[in-house]
Amino acid sequence: MEELVQQIEQLKQEINEYQSVSAELTEAFRIKYLGTKGIVKNIMGEMKNVPNDRKKEFGQILNEFKVFAESKYEFLKESTNGSTKASATIDWSLPGDPVGVGSRHPLSLVRNQIVSIFKRLGFAVAEGPEIEDDWHNFGAMNLPEDHPARDMQDTFYIHKDPSWLLRTHTSSVQARVMEKQKPPIRVICPGRVYRNETVSARAHCFFHQVEGLYIDEHVSFADLKQTLYFFVQEMFGKDVKVRFRPSYFPFTEPSAEMDISCLICGGEGCNVCKHTGWVEILGSGMVHPKVLENFGIDPNKYTGFAFGMGVERIAQLKYQVNDLRLYSQNDIRFLKQFTGAV
Ligand code: PHE
């Protein structure tokens, strides 16, 4: 009997030290200790040789041993993936599951690119609120109340107080800069803007702009042209051509829209350029003296130019996206195509 107790102690130690790295080894443990011809069963069989008066004591020891072996088996099973099937064997040397890496939104990519080009020319970045007052969005920009030019930029007004609105352009940020800063001023204003438009492939009730403002002594239309020409060459490549068409904006005089040669057909004429060979990309002009006066800047001493472009428009040309709605639908199949773009 004493011998048996000693044997059990030894076996317990053996079990304690047993290690398994695979489902096969765990199964081997089960067969060796807990199987129908296993060690535990075998020792149980010794019960009949134990004298009657010690049966109770020995019974307890045996039971403890059985529970000990069983719990070790449960532990091994768990650590080798809870299965005893050979097919569930884990190969720890395999590479891990790949972690999905996101991508920047195409509009962020293009905005960052626009910003970095102008930064190299010494433009600082200015930002302002999307909920704006009438003065900064319209009044200060030479768009007085009831002026017909306001029809070009209808927006959403705050119900309780219609002197608050969602800004229609980031010119409102230029207004805020001129309010605080004395010339020379050289800023670009990226941001989201809103218009009361029916949503379609070509128009949306919100979109993104980068506007720019440069005010100093002797700033001329030649500076405007050269700055914007540099920008498009950096953005679209050295071969791109530009042309300016006279236009109208209340806050600039003279005003011009700038077209670039169509990148799709190289100027031959296609659907994108509506067979003209040119695509419009931005509005620009010399800051209207009235706007300068609104901010106490002397128009006889200072002149300036301003421009504004739609980020969606630039992204559309760069990536040939032909439906504006794609930018805000969050369709993963669309967004995934920009993985790796910088
Ligand atoms: N604010 C104009 C718009 O949103 C763009 C623009 C800016 C035009 C500056 C000329 C000068 O349409």
Side-chain angles (χ1 to χ4, degrees), residues 107 111 114-115 118 121 123 125-130 132 134-144 147-156 165-178 185-197 202-215 219-221 223-229 231-232 242-260 279-292 294-295 297 299 302-314 316 324:
L107 295 179
R111 182 207 50 213
I114 298 170
V115 167
F118 282 104
L121 291 175
F123 282 78
V125 174
E127 287 182 330
E130 289 179 23
E132 197 41 286
D134 196 279
W135 168 251
H136 288 98
N137 194 82
F138 290 129
M141 286 292 133
N142 203 22
L143 276 149
H147 193 288
R150 281 203 183 194
D151 288 352
M152 301 196 303
Q153 299 189 5
D154 189 18
T155 185
F156 304 99
L165 46 89
L166 297 184
R167 67 182 181 193
T168 57
H169 50 186
T170 56
S171 300
S172 57
V173 183
Q174 301 183 6
R176 288 181 176 276
V177 170
M178 287 187 274
I185 292 172
R186 194 154 43 178
V187 287
I188 46 166
C189 315
R192 181 174 294 168
V193 300
Y194 301 82
R195 304 244 174 128
N196 185 6
E197 301 264 359
R202 301 167 62 93
H204 213 296
C205 55
F206 65 83
F207 59 99
H208 300 79
Q209 279 191 331
V210 178
E211 292 212 354
L213 175 69
Y214 181 22
I215 303 174
V219 175
S220 72
F221 204 92
D223 298 315
L224 179 158
K225 275 178 103 172
Q226 191 54 40
T227 305
L228 296 177
Y229 186 45
F231 164 69
V232 291
V242 295
R243 78 173 182 188
F244 287 82
R245 280 180 292 106
S247 184
Y248 171 75
F249 299 103
F251 29 86
T252 47
E253 180 61 35
S255 306
E257 261 158 278
M258 190 174 99
D259 298 343
I260 57 168
V279 278
E280 179 194 322
I281 66 154
L282 55 81
S284 64
M286 301 305 292
V287 181
H288 196 292
K290 192 93 197 350
V291 173
L292 296 175
N294 283 341
F295 295 99
I297 299 170
Y302 293 105
T303 48
F305 69 74
F307 56 87
M309 67 185 91
V311 180
E312 278 82 348
R313 183 95 184 103
I314 308 283
Q316 179 185 31
L324 262 183

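We count ligands from 1, going down the list as the structure has it; atoms in each ligand are counted the same way. Keep in mind that this is a model prediction, so the values were computed, not measured.
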Would you mind writing out a table of all protein N or O atoms found under 3.5 Å from any N or O atom of ligand 1, naming both atoms and giving the distance to 0.1 Å?
unit_1, atom_1, unit_2, atom_2, d
ligand 1, 1 (N), H169, ND1, 3.0
ligand 1, 1 (N), S171, OG, 3.2
ligand 1, 1 (N), E211, OE2, 2.7
ligand 1, 4 (O), R195, NH2, 2.9
ligand 1, 4 (O), Q209, NE2, 2.8

Please work out whether the ring planes of F118 and F307 are parallel, tilted or perpendicular, with thresholds of 30° and 60°. parallel
Holding to side-chain hydrogen bond (donor to acceptor under 3.5 Å, both in side chains), I want the full list of residues that pass it with Q316, two or more places apart in sequence or in another chain. R313
Minimum heavy-atom distance P190-A126, with the two atoms named: CD-O, 3.6 Å
Thinking salt bridges, do R245 and E280 make one under a 4.0 Å N-O criterion? yes
Polar contact flag, side-chain donor to acceptor under 3.5 angstrom, H204-E197: no
Exactly one of V219, I215, I185 clears side-chain contact (heavy atoms from CB on, under 4.5 Å) with Y302, and that residue is I215
